[in-house]
Amino acid sequence: MIYAIICLAALGAIFGIVLGIADKKFKVEADPRIEEIVNVLPGANCGSCGFPGCSGYAEAIVAGNAPLNACTPGKDEVRQKIAAIMGEEAGEAQEAKVAQLMCNGGKDRAVLQYEYEGVDDCHVAATMFKSPKACGYGCIGLGSCVKVCPFGAIKMGADQLPEVDYNLCTGCGVCVEHCPQHVLKLVGVSKLVHVRCSNKEKGKDAKAVCEVACIKCKLCEKNCPEGAIAVVGDAGNSIAVIDYDKCTSCGICVTKCPTNALEIILPINAAQKMEQPVNPNAPHACQKCGLCQ
Amino acid sequence: MSIRTFKGGVHLAGYKEGTQGLPIVEAKVPGIVYLPVSQHLGAPCEPIVQVGDEVKKGQKIAEGKGFVTAPIHASVSGKVIAIEKRPHPGGNFVNCIVIENDFKEEWADTVKPHPNPEELSPDDIRKIIFEAGIVGMGGATFPSHVKLAPVEGKKADYIILNGVECEPYITADHRLMLEKPERIIAGLKYILKSTACKKGIIAIEENKPDAIALFKKLVVKEKGIRVQALREKYPQGSEKQLIYACTKREVPVGGLPIDAGVIVHNVGTAAAIADAVELGIPLIQRVLTLSGDGIQKPANYLVRLGTLFSALIEESGGYQGEPEKIIAGGLMMGKTVFTADVPVIKGSSGIVVLKKKTASKAREYNCVRCAKCIDACPLFLEPTTIAKLVKRNLFKEAEQMNAFSCIECGSCQYSCPARIPLVQYLRRAKQEIVAMKAKAKSDGGKK
């Protein structure tokens, strides 16, 4: 009994001394800033910065290999905090971006070419004649983006199209990368007018498969006071595209579009903003068209 | 010789009674044929005719670049009226050369019988096979000349002719073996000659005793050719499983049959090779089974490539009841098409039409971890694990589980009591692995 106690005590003492020496001798100098930065990052490990997770990004910042503003989910707030930790200038704030769906061909609007049964994954459905919908360009509507969103910001709407919650969307772009049809785009949060169609076929063919398709009539192009929207591409491979740098969200094109392919999308959390005009700074501000209601 | 088979797999109901006794009948030649430019595995062809051109039967109308490709020939004589995108039985929209038939049935000048095919060198035979646009006619449509091309350091010592036909409903190869056995053996001899190989095996499942007996009788006087009877099991017609069943050799992961010293061809391909070498006829028609409980009169047809499924269905008396699914290919590996207006291509071994009652809609339940899929997998994969990884978008891990080896035979899904569409998950994994590899390649190229 006594021997056992002495042996164990001796062993404990020896290991304690060895560990103590090792701790001093082989100490790894970790920059405390790494941990501080990790603490201010959102922690979703979404990868939108291009580094393996939040800790990977934090290490890269401290090593001087990454810009301070690469964390899209963190927005301006996190950028300021990181800048404070690193003791650098934060630089100019960039507008937050959110994912926008460039398709409005929901359940009753787009024509189905077949009934899909199988795995609820847009990628799988896309291998079968492009899409269960006759429009091979539009949203498939099986919700791969919903599953992949690291912030839970996307949910399926009643018309089987994904709806993005602006409060939760951080503009990380994971859904944009994941979508097999490439119908999601990152757009500045203040931009309210979007072309909700991606069909590049000629007007007649596009209209035949979806009632809200862009028919390439160019009415938006002719009526835009800013020259911000244009139908680009050759016949049979063209689509109306908005130059968001020029667009003032005035909404004139929306009132002109004969198929409602253009749409003013109000944020889901916009109840309080609804009372104000669409964009008070725009030279062609609210037309009182009533579309937003 | 004892009856052999492979490990894993499932026993399926054959449903072959309806058509296995029916002789091959020549289908009505359609007024318009639609020939997709992609009827093979590999680079799609580019049309070499223009709209308005007069073409003759057997004339080359499209050819591709590179080695892994096969040219396409006009299956009727007439006028090219359009080149347009149309649905393809492979599940896509592909450019099709549309030819209006003038019913003159004039052959092109290039089609002429070879005076003495016995004197052809191996290189000549391979060249003829390439020019005739012959591809694997079991369904995989891999260009045949590629399989026969010599590979440095590897030599085939067995040629296996695949007459297994393990898919339910399909009896096209069975009928071909009964009706044109001498063409098949002639084709095998040309294949043997072009690869300088001595031994040939004709593999037939034991549910076709008449074909086994017939070939056993015919190969008695042929040196080096034997018939191998195989136990009835699915997917025995798959290359790797067939090689194991016949020779007890295993093809390494990611390898080709040549790595095991074997080359496998379908019996239909062998017959087409005999026609191409002796008569100079390119691949413009094939035998196909039209069956299923949704069809009035199931039949085995000799059909021109480019004939629409709808024309064949009409010839068979139309649908019986309301059709729910039209499957291009067999029940297990075929793809469902949403319209009957898709053309017959080189790899179409069958069309199965199912009634509403038969094609059951399955709801996916949770995995019960019974491991039936693992027992059934002839490639010894773990389909359930890979499906779980795919659900979480963990494709790197799926690749480590050898998801890319999957042959999509559907044995796992067939045996799954929870009705999990495992093949779809595995296809998704393969699709993403291909994308990852392509990305790694392009990134590597940039550096």
Side-chain angles (χ1 to χ4, degrees), chain A residues 44-47 50 52-53 110-138 140 142-150 154 172-182 199-202 204-206 208-209 235-237, chain B residues 84-94 323-328 334-342 354 356 359-364 383 386-396 408 410 413 416 419-436 439 443:
Chain A
N45 294 322
C46 66
V111 178
L112 282 184
Q113 61 179 356
Y114 63 88
E115 205 179 311
Y116 174 80
E117 51 178 270
V119 177
D120 279 349
D121 188 325
C122 301
H123 291 265
V124 177
T127 61
M128 315 280 281
F129 297 99
K130 283 187 181 173
S131 162
K133 289 174 186 164
C135 168
Y137 299 87
I140 292 174
L142 292 171
S144 283
C145 49
V146 177
K147 285 176 214 152
V148 86
C149 177
I154 310 180
C172 68
V174 171
C175 54
V176 176
E177 280 276 304
H178 195 71
C179 176
Q181 301 291 80
H182 310 293
N199 192 314
K200 293 187 171 176
E201 299 289 330
K202 284 178 189 148
K204 194 175 156 235
D205 301 340
V209 293
N237 187 24
Chain B
E84 58 185 17
K85 276 212 153 62
R86 291 186 62 87
H88 180 277
N92 212 338
F93 294 90
V94 173
E324 170 75 7
K325 270 188 182 176
I326 301 169
I327 302 168
K335 279 206 166 173
T336 309
V337 291
F338 69 89
T339 162
D341 289 334
V342 291
L354 296 180
K356 207 152 207 163
S360 70
K361 277 185 191 166
R363 193 200 123 187
E364 182 180 339
I386 296 170
K388 278 174 197 156
L389 292 171
V390 171
K391 278 185 197 170
R392 288 163 182 72
N393 290 320
L394 298 170
F395 297 107
K396 274 231 166 71
E408 304 174 18
Q413 197 168 331
C416 180
R419 297 179 164 188
I420 301 170
L422 290 159
V423 178
Q424 289 190 345
Y425 286 115
L426 276 147
R427 272 191 194 148
R428 170 83 186 104
K430 285 171 80 174
Q431 181 192 356
E432 199 62 30
I433 291 167
V434 169
M436 278 191 326
K439 202 174 166 221
D443 286 357

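Every chain is numbered from 1 and lettered A, B, ... according to where its sequence line falls, protein lines coming before strand lines.
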Exercise. Do you know the tightest heavy-atom contact between A:I140 and A:P132?
Worked result: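 Closest pair (atom of A:I140, atom of A:P132, distance): CG2-CD, 3.8 Å.
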Problem set entry | Interchain contact, A:D120 with chain B, by part (heavy-atom threshold 4.5 Å) |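 A:D120 has no heavy atom closer than 4.5 Å to chain B.
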Problem set entry | Proximal component of B:V390, with respect to chain A [non-hydrogen, under 4.5 Å] |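 For B:V390, no heavy atom lies under 4.5 Å from chain A.
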Problem set entry | Which atoms of B:Q424 approach chain A - backbone, side chain, both or neither, heavy atom under 4.5 Å |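 For B:Q424, heavy atoms of backbone and side chain both lie under 4.5 Å from chain A.
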For this session: Please work out whether the ring planes of B:F338 and B:F93 are parallel, tilted or perpendicular, with thresholds of 30° and 60°.
Result: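 Answer is tilted, since the angle falls between 30° and 60°.
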Exercise. With respect to chain A, which residue among B:E432, B:R427, B:E364, B:Q431 yields the maximal number of heavy-atom pairs within a distance under 4.5 Å?
Worked result: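 Of the options given, most contacts go to B:Q431.
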Problem set entry | Over 12 foreign heavy atoms within 6.0 Å of CD, A:E177 |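 It does not: A:E177 CD has 12 such atoms or fewer within range.
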Problem set entry | Exam field: side chain A:S144 to backbone A:C122, donor-acceptor pair closer than 3.5 Å |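 It does hold such a pair.
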